[in-house]
Amino acid sequence: MYYDNVSYQVQVTNDCFLACDYCMTAETNMRKQVASTDTVKKLLNASLGFRSVYMVFLGGEPLMAGKEWFEEAFSHINQQENLLVNSRIYTNGLLLDNEWVDLFKRNKCQIVFSYDGLGNGKKGSKRALEKLTTYSDAITYASMTMSESNYKSLIDCYKQVSEAGVKRFAVQFDIYANSELMTLFGREVCKLFEYIEANPNGAKFSTYNDARFVMTGKGRPLSNEFDLTVINNDYCINADGNITLGVPDCLDPEWQLGNVKDLKHVNDLLFSDVMRQVNRDYIESLNLIGDLAKVNHLTHGGGFFFDKKGIMPMNRPNIPKLHCYREILRYFGEV
């Protein structure tokens with residue numbers, strides 16, 4: 001059996017707004033094994049004492065791990081008595097069937113369907129659209145990743161998602177796009193804003209709701225796109241089940257933050273040289289970015305979660321993305 005990358009993130013929060021991300025990865029698509037589900041139990045035990053945990057299964061394509069793997073993983077989650085665990089899976093949906101949907105429904109796991117619009121690879125195939133339509137009632141939201149190759153088809157993608165019957169739509173932005181491309185992304189998003197206002201019966205678009213809320217206070221946010229920046233640390237489990245800080249098969253030294261077994265206290269994470277640099281970068285961006293300073297302030301450094309240009313920890317400001325945000329927020333007022 002061949003396994004693609006399988007990963008999960010656990011975001012843990014308490015009243016101090018500390019968040020830690022735990023990731024499990026099969027290292028590369030070339031590996032033909034997957035870590036034991038016992039690692040899920042280990043990391044949940046390490047989270048005891050926090051108020052809640054947000055576990056996100058990622059990939060590669062996580063469904064390639066198989067249903068038995070997920071049954072075991074959810075059994076560990078469901079045994080938690082003093083910890084609220086919310087789970088979510090990101091999938092291209094090509095392997096979805098009634099059994100998968102029932103498994104996630106039984107375990108209260110949200111399904112996020114990655115869909116980039118017809119004609120854009122596996123995440124834009126006819127099969128993907130058929131799956132999107134068949135399981136629209138079970139899908140929490142469909143998410144499009146905007147890139148140089150597909151951003152002009154944003155409105156078409158939104159139409160397809162709406163016609164499929166999915167209730168919510170979201171976008172992510174290519175984390176490696178430069179400032180000029182991010183500006184184009186933002187302008188295309190604003191065109192979708194105009195379309196939605198003229199056609200209000202389609203899927204709810206989280207960026208529209210969130211940006212309007214940030215600028216006007218109207219409505220309510222649908223995502224964590226503009227959430228307050230929090231500290232994130234990635235606990236990565238490779239295919240052998242070894243737990244490290246940072247992605248074990250990444251050559252960038254900023255992703256190599258040590259082994260979990262070497263940690264004695266949470267301060268070993270919070271007051272590391274890397275985290276100090278994250279804080280310095282954020283302050284520097286506020287001081288130097290000029291006319292984007294207000295956008296930076298409104299968006300807490302240019303986005304949240306994955307859109308951090310691939311840098312661990314994920315809270316370093318993403319300057320190019322601020323140009324996208326400036327276009328988006330200007331739709332609702334002066335920034």
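By convention here, the first residue in the shown sequence is residue 1.
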Counting only pairs under 3.5 Å, give me each side-chain donor-acceptor contact of residues 121-128, with atom names and distances, residues two or more places apart or in other chains.
{"unit_1": "Ser125", "atom_1": "OG", "unit_2": "Lys122", "atom_2": "O", "d": "3.3"}
{"unit_1": "Ser125", "atom_1": "OG", "unit_2": "Ala128", "atom_2": "N", "d": "3.1"}
{"unit_1": "Arg127", "atom_1": "NE", "unit_2": "Leu94", "atom_2": "O", "d": "3.4"}
{"unit_1": "Arg127", "atom_1": "NH2", "unit_2": "Leu94", "atom_2": "O", "d": "2.7"}

Run the side chain to side chain contact (heavy atoms under 4.5 Å, CB included) test against [X] and tell me which residues pass, sequence neighbours left out.
X	value
Thr134	none
Glu180	Asn178
Glu71	Leu103, Arg106
Ser136	Val166

Locate the shortest heavy-atom distance separating [X] from [Y]; write the atom from each residue and the value.
X	Y	value
Glu61	Gly93	OE1-N, 4.4 Å
Val101	Ala138	CG1-CB, 3.6 Å
Val295	Tyr325	CG1-CB, 3.7 Å
Asn150	Thr145	ND2-O, 3.0 Å

Hey, are the side chains of [X] and [Y] touching, using non-hydrogen atoms and a 4.5 Å cut-off?
X	Y	result
Ile196	Phe169	no
Glu163	Thr133	no
Arg88	Val112	yes
Phe185	Asp174	yes
Phe70	Pro62	yes
Met144	Ser153	yes

Checklist line | Set of side-chain hydrogen bond (donor to acceptor under 3.5 Å, both in side chains) partners for Tyr158, sequence neighbours left out | finding: none
Next item on the list: Using the test side-chain hydrogen bond (donor to acceptor under 3.5 Å, both in side chains), find all partners of Asn107 that sit at least two apart in sequence or belong to another chain.
Entry: Asn78
Check: Got a sec, which pairs hit side chain to side chain donor-acceptor pair (under 3.5 Å) with one end in residues 197-213, sequence neighbours left out?
Finding: Glu197-Tyr208, Glu197-Tyr331, Asp210-Ser223
Item checked: Salt bridge present between Lys67 and Asp97 (N-O < 4.0 angstrom) -> yes
Quick one: do [X] and [Y] end up in the same hydrophobic cluster if we chain Ile, Leu, Val, Met, Phe, Trp and Tyr together by side-chain heavy atoms under 4.5 Å apart?
X	Y	value
Leu184	Met182	yes
Leu222	Val189	no
Phe205	Phe213	no

Check: Is the count of non-hydrogen atoms from other residues, nucleotides or ligands lying under 6.0 Å from Gln79 atom CD greater than 12?
Finding: yes
Margin query: Please determine whether the number of non-hydrogen atoms from other residues, nucleotides or ligands lying under 6.0 Å from atom NZ of Lys108 exceeds 12.
Written below: no
Next item on the list: Using the test salt bridge (Lys or Arg N to Asp or Glu O under 4.0 Å), find all partners of Lys105 that sit at least two apart in sequence or belong to another chain.
Entry: none
Next item on the list: Quick one: which residue pairs count as a salt bridge (charged side-chain N to carboxylate O under 4.0 Å, His left out) with a foot in residues 72-85, not counting sequence neighbours?
Entry: none
Next item on the list: With sequence neighbours excluded, give me every salt bridge (charged side-chain N to carboxylate O under 4.0 Å, His left out) pair touching residues 324-335.
Entry: Arg187-Glu327, Asp291-Arg326, Glu327-Arg330
Next item on the list: Could you tell me the separation between the CE atom of Met215 and the CG atom of Leu329, rounded to the nearest 0.5 Å?
Entry: 5.5 Å
Next item on the list: Nearest 0.5 Å please: distance from the CZ atom of Phe173 over to the CG atom of Leu181.
Entry: 11.0 Å
Checklist line | With sequence neighbours excluded, residues passing ring-ring contact (aromatic ring centres under 6.0 Å, His included) with Tyr115 | finding: none
Next item on the list: Can you label the angle between the Phe332 ring and the Phe193 ring as parallel, tilted or perpendicular, going by 30° and 60°?
Entry: tilted
Item checked: Polar side chain donor-acceptor pair, Tyr135 to Lys131, under 3.5 angstrom -> no
Next item on the list: Could you check Gln160 against Leu132 for side chain to side chain contact (heavy atoms under 4.5 Å, CB included), going step by step and ending with a plain yes or no?
Entry: CA-CA 9 Å; Gln160 293 158 19; Leu132 192 73; 5.9 Å; no
